[in-house]
Amino acid sequence: MPELPEVETVRRGVASMVVGVRIASVTVRRRDIVATELDPLGGFSRAGGIRGADGRGRARPGRVPGAWLLAGDEVAGVERLGKQLALVGASGRCVVVHLGMSGQLLVAGRGERLPTATWGSAHDHVVWRLEGRDGSSAGRMVFRDPRRFGGVFTSPDREHLVGVRWAALGPDALTVTGEQLAERSGRSARATKAALLDQRVLAGVGNIYADEALFRAGVHPMTPTSAMGPETWEAVAARIREVLGASIEAGGSTLRDYTDAQGRAGVYALSHAVYGRAGLGCVVCGTVLETGAVAQRTTVWCPSCQELGRAHG
DNA sequence: CTTATGACCTGATAGC
DNA sequence: TGCTATCAGGTCATAA
């Protein structure tokens, strides 16, 4: 479900609850959504993705040492690159959480209850028990993910996190420049939207914000990257930074499932100009918005504001 | 190399 | 009410 703004909102919420807190114990209720640094390829692939090398079974034998999931450790910080979160322990060990489509990282303080789902706790795959300095309970954190496209990954230290786990990811979308986009996208027949969705080009943009940023930049999503010039790339980069920033301020976009670490919805969907508005009038010119598949994803654009074939300097 | 396709999962919703 | 089909915020392996 989540793109950069949603993940950043979760990061802030989790950080406010767990930084400086000790993890008393960890329970892995589904082993196959956890990948360790020792697992072959599975979990540590090119674009920072999730699935095992066979594209399906992610069952990994053996128990994950609790310490690898920060049991007995203290949380020193919560970082983010693109759509991925990393809990960094005082020991240096890191736990990466990727939310996939339906994942949530939820935290409940002492005496609070985790937000409940209609299906109960059936999809609560990893549970961290938190402990105050005096040893008293400080609540719990849970990785919940019904569809299981997400996952939890261990790294022995920050060097591995950055150098291996996150090595293939492009620059974070919140601070990306037009120059970076131009260089990493290359010049080919590939649709500009497809390039923006490629996490090796740019980390953090997904289907919603690709459409929103391209609309605001006046670029048709199917524009081949070979037709893009430096000024247009700069405009696209600027609109990406802008849209993501505004969405973070609104707590992200909640379409159905998404909530922050405390179970609250975000309201940025109210500001969507194109996503989810196919067939309605363009907010700028009133033209009926078109929809179709680009890069195999549902895409919405304004045929008038985002004319295909327009010159792009 | 690039690009498209089907696959991975479950839940919510729309339509009959 | 109950069934079925469709769709979803992500990313992968594989084939062409």
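The separation between Ile208(A) atom CD1 and dC7(C) atom C1' is 14 Å, rounded to whole Å. Atom CZ in Arg297(A) sits about 17 Å away from atom P in dT3(B), given to the nearest Å. When rounded to the nearest whole Å, the span between CD of Gln199(A) and P of dT11(C) equals 5 Å. For the pair Asp211(A) CG and dA8(C) P, the interatomic distance rounds to 11 Å; values are reported in whole Å. Between the P atom of dG10(C) and the CG atom of Leu169(A) lies a distance of 14 Å, rounded to the nearest Å. Taking atom CG of Leu197(A) as the reference point, atom P of dT11(C) lies 9 Å away to the nearest angstrom. The distance between atom CZ of Arg200(A) and atom P of dT3(B), rounded to the nearest whole Å, is 11 Å. Distance Leu99(A) CG to dC8(B) P: 23 Å, rounded to the nearest Å.
Here the side chain of Glu3(A) is nearest to one of dG9(C), dT5(B), dT3(B), namely dG9(C). For Gln296(A), counting side-chain heavy atoms from C-beta on, the closest listed nucleotide (dT2(B), dT5(B), dG10(C)) is dT5(B).
Contact annotation: Lys83(A) does not reach the phosphate of dG9(C) (side-chain N/O to OP1 or OP2, under 4.0 Å). Phosphate proximity of dG9(C) to Tyr209(A): absent, as no side-chain N or O sits under 4.0 Å from OP1 or OP2. Proximity of His98(A) to the phosphate of dG10(C): no side-chain N or O atom is located under 4.0 Å from OP1 or OP2. Between Ser102(A) and dA8(C) there is no side-chain N or O to OP1 or OP2 distance below 4.0 Å.
Trp233(A) and Leu181(A) get closest at one heavy-atom pair: CE3-CB, 3.6 Å. Considering every non-hydrogen atom in both Val107(A) and Val18(A), the closest pair reads CG1-CG1, 4.1 Å. Annotation for Leu202(A) and Leu196(A): closest pair CD2-O, 3.9 Å, computed over non-hydrogen atoms. Considering all non-hydrogen atoms of both residues, Ala213(A) and Ile240(A) come closest at CB-CG1, 3.6 Å. Here the closest non-hydrogen pair linking Pro221(A) and Val294(A) is O-CG1, 4.1 Å.
Donor-acceptor pairing under 3.5 Å is lacking for the side chains of Asp257(A) and Ser102(A). A donor-acceptor pair shorter than 3.5 Å can be found between the side chains of Ser247(A) and Tyr209(A).
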Distances under 3.5 Å between nitrogen or oxygen atoms of protein and nucleotides 10-15 of chain B:
{"unit_1": "dT10(B)", "atom_1": "OP1", "unit_2": "Arg148(A)", "atom_2": "NH2", "d": "2.7"}
{"unit_1": "dT10(B)", "atom_1": "O3'", "unit_2": "His123(A)", "atom_2": "NE2", "d": "3.3"}
{"unit_1": "dG11(B)", "atom_1": "OP1", "unit_2": "His123(A)", "atom_2": "NE2", "d": "2.9"}
{"unit_1": "dA12(B)", "atom_1": "OP1", "unit_2": "Thr118(A)", "atom_2": "OG1", "d": "3.2"}

So which protein nitrogen or oxygen atoms get under 3.5 Å of nucleotides 4-6 of chain C's nitrogens or oxygens?
none

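Nucleotides dG11(B) and dC12(C) place their C1' atoms 22 Å apart, quoted to the nearest Å. Nucleotides dC9(B) and dC3(C) are separated by 25 Å at their P atoms, to the nearest Å.
Checking Gln104(A), Arg264(A), Glu6(A) one by one against Thr259(A), the side chain to side chain donor-acceptor pair (under 3.5 Å) holds for a single residue, Gln104(A).
For DNA chain C, each stem of at least three Watson-Crick or G-U pairs (distances under 3.5 Å) is given as range with range: B:2-8 with C:10-16, B:10-16 with C:2-8.
Here the CD-OG1 distance, from Glu183(A) to Thr177(A), works out to 9.0 Å after rounding to the nearest 0.5 Å.
Looking at Glu79(A) and Arg11(A), no side-chain N of the basic residue comes within less than 4.0 Å of a carboxylate O on the acidic one, giving no salt bridge. Between Arg93(A) and Glu159(A) there is no salt bridge, since no side-chain N of the basic residue sits under 4.0 Å from a carboxylate O of the acidic one. Salt bridge annotation for Asp260(A)-Arg12(A): absent, with no cationic side-chain nitrogen under 4.0 angstrom from a carboxylate oxygen.
At the heavy-atom level, Ala194(A) lies nowhere under 4.0 Å from the strands shown.
Under a 3.5 Å cut-off, the side chain of Glu3(A) and the backbone N or O of Ile208(A) do form a donor-acceptor pair.
An aromatic stack links Phe149(A) and the base of dC8(B), using centre distance under 5.5 Å and interplanar angle under 30°.
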